[in-house]
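Scroll down for the structure; my scribbles are underneath it.
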Amino acid sequence: MFRRREPVPFAFVAEADRFRSNVTPPPRESLGLPQIAARSLVGLTVVAGLVGSLLFGMPALQPYKSADKAQQSEASEGR
């Protein structure tokens, strides 16, 4: 293989760390009360959903306790 002597088309990528811009980004817009309320409501909804799924899912994670022993003991007493 041979190496090319001419510059590659994307040479600017390699030089990106040396590049400094003199253009400042525009200042961020301040959030209004409706936007803050909407974001808070979405966050609370997500948290409530996670807590609710945990509460409803906990019984499924408990080991299964069979009620067969109680029924068998009652059946054996009836003989």
Side-chain angles (χ1 to χ4, degrees):
M1 289 284 192
F2 61 94
R3 294 186 181 222
R4 299 173 130 191
R5 295 291 176 189
E6 70 267 11
V8 294
F10 299 106
F12 63 89
V13 175
E15 298 173 1
D17 57 343
R18 291 185 284 164
F19 180 75
R20 298 284 181 236
S21 175
N22 60 355
V23 178
T24 58
R28 297 182 71 180
E29 293 183 19
S30 60
L31 296 177
L33 186 61
Q35 290 177 335
I36 293 173
R39 289 184 181 186
S40 300
L41 186 62
V42 168
L44 285 173
T45 304
V46 169
V47 169
L50 291 172
V51 169
S53 65
L54 184 63
L55 288 175
F56 285 119
M58 285 300 288
L61 296 175
Q62 300 299 325
Y64 179 70
K65 295 181 180 177
S66 177
D68 291 339
K69 293 181 181 178
Q71 291 175 357
Q72 287 176 357
S73 64
E74 291 174 4
S76 62
E77 288 176 4
R79 287 186 181 178

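When the shell of 6.0 Å around CD of Glu29 is examined, it contains 12 or fewer heavy atoms from other residues, nucleotides or ligands.
Here Leu33 sits alone; no ILVMFWY side chain lies under 4.5 Å from its own, so it joins no hydrophobic cluster.
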Determine all donor-acceptor pairs shorter than 3.5 Å in which one atom belongs to a side chain in residues 45-59; sequence neighbours excluded.
from: Thr45; atom 1: OG1; to: Leu41; atom 2: O; distance (Å): 2.7
from: Ser53; atom 1: OG; to: Gly49; atom 2: O; distance (Å): 3.2
from: Ser53; atom 1: OG; to: Leu50; atom 2: O; distance (Å): 2.8

